[in-house]
Asker: 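My questions will all concern the structure given below.
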Amino acid sequence: MAPLSKVAVVIGVGPGIGAASAQKFASKGYSVALLSRSIDKLTPVESEISKAGGKALSLPTDVGKPAEIIAAFDSIKEQLGHPEVLIYNAGPGGVTFPPPSALDLKPEVFERAFSSGVVGALTASQQVLPGFIENQHGTIIFTGATAALRGGAKFSLLSAPKFALRSLAQSLAREFQPQVKSPIMISACPSTRSMQS
């Protein structure tokens, strides 16, 4: 496997945390891979990074489909190098506001929320962890929300996948951090506020 490059992958790029994360890493000299289902969300962020002198690669990707994530990482490794940072900011698909009652929640929508909110995070992590272990460093950040800590009325569609994502972060940290000399950071951020300096 090749050495890691100064590349950050931001999955779930939109006008909030995803864009702020990408711009922060680009400002620190990272090449940034931007992933979202919608090219309309990627283009403005890529443009801002390019205007500031950074390098960004936009890859429209449905993170509810593992094959699309794997293909995106193949492109990232080929065009930018092996990433040393993964930020998983993709939310559970299908969440609307106001959220639906559990009585109105369709099982296929609930299943889709887990596909994009949790299975996608596992698939993305599988693409970077072998390089992190071999190179003895790397960072994975899963963004969270208060919904990852406690459920709320009509928040089944958001809370259940966020709870599972937090559990995945804890499980990955306990499995992989002991294997490296320089710890791999794997965390689930409980806050959804924009990044600050």
Asker: Taking all non-hydrogen atoms of both residues into account, name the closest pair between Phe132 and Glu84 and its distance.
Answerer: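 So the two residues come closest at CZ-O, 3.5 Å.
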
Asker: List the atom of Pro44, the atom of Asp40, and the distance in Å for their closest heavy-atom pair.
Answerer: CD-O, 3.1 Å

Asker: For residues 48-61, which residue pairs qualify under side-chain hydrogen bond (donor to acceptor under 3.5 Å, both in side chains), counting only residues two or more places apart or in two chains?
Answerer: Glu46-Ser58

Asker: Walk me through it: do His82 and Val7 pass the test side-chain contact (heavy atoms from CB on, under 4.5 Å)?
Answerer: CA-CA 7 Å; His82 289 261; Val7 174; over 6 Å; no

Asker: Linking I/L/V/M/F/W/Y whenever any side-chain heavy atoms sit under 4.5 Å apart, do Leu168 and Ile70 land together?
Answerer: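 Each belongs to a different hydrophobic cluster.
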
Asker: Taking side-chain contact (heavy atoms from CB on, under 4.5 Å) as the definition, give me every residue that meets it alongside Pro66, ordered by chain and number, with sequence neighbours left out.
Answerer: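 Scan of Pro66 (side-chain contact (heavy atoms from CB on, under 4.5 Å), adjacent residues dropped) gives Val119, Thr123.
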
Asker: Show the numbers, then the answer: is there a side-chain contact (heavy atoms from CB on, under 4.5 Å) between Val9 and Leu80?
Answerer: CA-CA 10 Å; Val9 178; Leu80 300 177; over 6 Å; no

Asker: Which pairs with one or both residues in residues 102-111 pass salt bridge (charged side-chain N to carboxylate O under 4.0 Å, His left out), sequence neighbours excluded?
Answerer: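 Pairs touching residues 102-111 that pass the test: none.
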
Asker: Determine yes or no for a side-chain-to-main-chain donor-acceptor pair under 3.5 angstrom, with Ser47 supplying the side chain and Thr43 the backbone.
Answerer: no

Asker: Looking at Val32 and Ala22, what are the two nearest heavy atoms and their distance?
Answerer: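 Minimum heavy-atom separation between Val32 and Ala22: CG2-O, 3.6 Å.
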
Asker: Rounded to the nearest 0.5 Å, what separates atom CD1 in Ile87 from atom CD1 in Ile141?
Answerer: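 If I round to the nearest 0.5 Å, the distance is 5.0 Å.
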
Asker: To the nearest 0.5 Å, tell me how far Leu59 CG sits from Ile69 CD1.
Answerer: 12.0 Å

Asker: With a 4.5 Å cut-off on side-chain heavy atoms, are Ser21 and Asn89 touching?
Answerer: no

Asker: What residues form a ring pair (Phe, Tyr, Trp, His ring centres under 6.0 Å) with Phe110, not counting sequence neighbours?
Answerer: Phe114

Asker: State which residues pass side-chain contact (heavy atoms from CB on, under 4.5 Å) with Pro15; sequence neighbours excluded, sorted by chain then number.
Answerer: none

Asker: Please set out all donor-acceptor pairs under 3.5 angstrom arising from side-chain atoms of residues 154-164, sequence neighbours excluded.
Answerer:
unit_1	atom_1	unit_2	atom_2	d
Ser159	OG	Phe155	O	3.3
Lys162	NZ	Thr143	O	3.1

Asker: Is there a side-chain contact between Ile76 and Leu35 (heavy atoms, below 4.5 Å)?
Answerer: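 A side-chain contact exists here, since the closest heavy-atom pair is under 4.5 Å.
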
Asker: Show the nearest heavy-atom pair for residues Ala19 and Val13, with the distance to one decimal.
Answerer: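 Taking every non-hydrogen atom into account, N-CG1, 4.4 Å.
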
Asker: Taking Glu68 for the side chain and Asp62 for the main chain, is one N or O donor matched with an acceptor at less than 3.5 Å?
Answerer: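 Flag set: sc Glu68 to bb Asp62 pair under 3.5 Å.
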
Asker: Applying side-chain contact (heavy atoms from CB on, under 4.5 Å), name anything that partners Ala90, two or more places apart in sequence or on another chain.
Answerer: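 Applying side-chain contact (heavy atoms from CB on, under 4.5 Å) to Ala90 gives Ile11, Val63, Tyr88.
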
Asker: Does the side chain of Leu4 come within less than 4.5 Å of Val128's, by heavy atoms?
Answerer: no

Asker: Do Leu57 and Ser31 have side chains that get closer than 4.5 Å, going by heavy atoms?
Answerer: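 When only atoms from C-beta onward are counted, Ser31 and Leu57 do not touch, as no gap falls below 4.5 Å.
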
Asker: Show the numbers, then the answer: is there a side-chain contact (heavy atoms from CB on, under 4.5 Å) between Gln126 and Leu122?
Answerer: CA-CA 6 Å; Gln126 290 170 332; Leu122 174 64; 3.9 Å; yes

Asker: Where is the tightest heavy-atom contact between Val45 and Gly14, given as atom of each residue plus distance?
Answerer: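 The answer is CG2-O, 4.4 Å.
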
Asker: Quick one: ring pair (Phe, Tyr, Trp, His ring centres under 6.0 Å) partners of Tyr30, sequence neighbours excluded?
Answerer: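 So Tyr30 forms a ring pair (Phe, Tyr, Trp, His ring centres under 6.0 Å) with Phe25.
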
Asker: Does any non-hydrogen side-chain atom of Leu172 lie less than 4.5 Å from one of Leu129?
Answerer: yes

Asker: Lys6: what forms a salt bridge (charged side-chain N to carboxylate O under 4.0 Å, His left out) with it, not counting sequence neighbours?
Answerer: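 Partners of Lys6 by the salt bridge (charged side-chain N to carboxylate O under 4.0 Å, His left out) criterion come out as none, since no residue qualifies.
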
